[in-house]
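Have a look at the structure below, then the notes.
In listed order, ligands and their atoms are each counted from 1. Along the sequence shown, the residues carry numbers beginning at 1.
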Amino acid sequence: MRRIVRVFYRDDNGFEEEIHLGEVTTHTYTNKLKQKIFCPTENCSARISYSGGRYPHFRTWRYDQHSVNCPYYFARFPVKLGRNLTDIVRVEISYNRRQNALNDAYIQMNLSVEEREALRNSRIKPRNSVRGITSRKANVKAEQLVLFDSGLYEDELIFRRRNISKRLVDGITASDIGEIRLVMGKITSNIVDGETAEIVVENNNKVITVVFEESFTADPYNSSYLNKFWAINQVLNRERVVQFTGIGDVRKNTRSHRLELVIHAGTDFRINNRDISALAAQLALEQYRLG
Ligand SMILES: [Zn+2]
């Protein structure tokens, strides 16, 4: 689905103007635009809302629908999928939850056996805390997590979110293909290719190749990550173990048959729990000081 980058603003006097995403702040949205911005498509009356933060974006007003001919049209749930009539909702995972998941994954990877056991026991939760939430979930039988361009943003949902599934490279199975996963492992190689790279990540002799596609390079939010992948090679030269954690789409490349993790945002992966944009800046500074 396409991302909405401009909207029509219509005030109470009938004044209209087009507004670009870059012109909107949380302040102007709350004080002026809220309930007064609409889909840019002619003859589409869907209202649009705005969400600020690290990834400011427009999204379709919670219960509104685009006209069927509108390029921003999407089917509201429940979506019937032939088999078993499962109702599936596409839910976008918020930036904060992705960051928290990456932190958790790094901690998990570096726990001792005893610490892991203690954590597992502490996670057994009392039953009644879950009950209220599941009853409200009645309408939704399944959720498909997506990273971008979803009709729904998870922060808008009233029910409890399921976690992003974490997998060590050797724990990835056929059922993970086509799904969003947080993948964990050790980097064995990083081949810089233009503005990005191909990173091979391993665990127990199983590998996955982390890839960055044109959509990554073209996304303005990723501009501070381009041409920074050399930093990974420097860390590989310095440190015995370099850990990778990253959230993306797991797929099997149809030509090479290799397992791939497609990353969409620079903030969705880390090298030894470090953001590579920050890492490259630090390394460049160190080298400058050394002359
Ligand atoms: Zn529309």
Side-chain angles (χ1 to χ4, degrees), residues 1-82 85-98 136-137 139-159 161 178 180 213-223 248-249 262 264-265 267-268:
M1 191 156 58
R2 295 166 63 173
R3 212 188 283 222
I4 302 171
V5 293
R6 56 190 183 88
V7 293
F8 273 124
Y9 165 72
R10 211 170 288 143
D11 77 4
D12 299 333
N13 306 316
F15 169 79
E16 270 192 10
E17 71 178 331
E18 200 179 277
I19 295 179
H20 191 272
L21 178 60
E23 299 173 75
V24 182
T25 62
T26 302
H27 183 80
T28 57
Y29 176 69
T30 313
N31 293 295
K32 180 184 171 190
L33 307 177
K34 198 171 181 183
Q35 303 228 42
K36 292 175 183 167
I37 53 177
F38 299 85
C39 176
T41 308
E42 225 177 306
N43 300 322
C44 178
S45 58
R47 281 172 302 171
I48 302 296
S49 63
Y50 168 83
S51 175
R54 171 68 179 78
Y55 288 109
H57 60 277
F58 288 129
R59 57 178 186 251
T60 306
W61 192 267
R62 197 161 169 182
Y63 299 112
D64 279 11
Q65 184 58 280
H66 293 265
S67 72
V68 182
N69 302 322
C70 177
Y72 302 107
Y73 174 84
F74 59 89
R76 282 284 191 208
F77 67 93
V79 180
K80 299 265 194 266
L81 292 187
L85 297 179
T86 315
D87 298 336
I88 293 197
V89 183
R90 288 165 61 85
V91 180
E92 191 166 313
I93 311 162
S94 76
Y95 170 76
N96 286 336
R97 241 163 57 83
R98 295 187 219 179
R136 272 182 293 168
K137 261 181 101 166
N139 293 341
V140 180
K141 299 192 181 74
E143 305 142 44
Q144 179 193 7
L145 296 181
V146 298
L147 292 175
F148 291 107
D149 294 337
S150 162
L152 289 170
Y153 200 66
E154 64 160 0
D155 295 348
E156 294 175 332
L157 300 178
I158 51 169
F159 52 80
R161 303 282 321 109
I180 287 173
E213 301 193 314
E214 270 177 49
S215 59
F216 179 94
T217 313
D219 188 339
Y221 292 121
N222 292 331
S223 60
D249 292 302
V262 186
H264 303 282
T267 48
D268 279 351

*Please answer whether the main-chain N or O of His264 pairs with a side-chain N or O of Asn222 as donor and acceptor at a distance below 3.5 Å.*
yes
*Would you call the rings of His66 and Tyr72 parallel, tilted or perpendicular if under 30° counts as parallel and over 60° as perpendicular?*
tilted
*Indicate yes or no: does Asp11 engage Lys32 in a salt bridge with an N to O separation below 4.0 Å.*
no
*asked:* What count do you get for protein N, O or S atoms closer to the Zn ion (ligand 1) than 2.8 Å?
replied: 4
_For Glu18, is the CD atom crowded, meaning more than 12 foreign heavy atoms sit under 6.0 Å from it?_
yes
*asked:* Can you confirm whether more than 12 heavy atoms, excluding those of Glu17, are under 6.0 Å from its CD atom?
replied: yes
*Which heavy atom in Leu21 sits nearest to a heavy atom in Pro56, and how many Å separate them?*
CD2-O, 3.6 Å
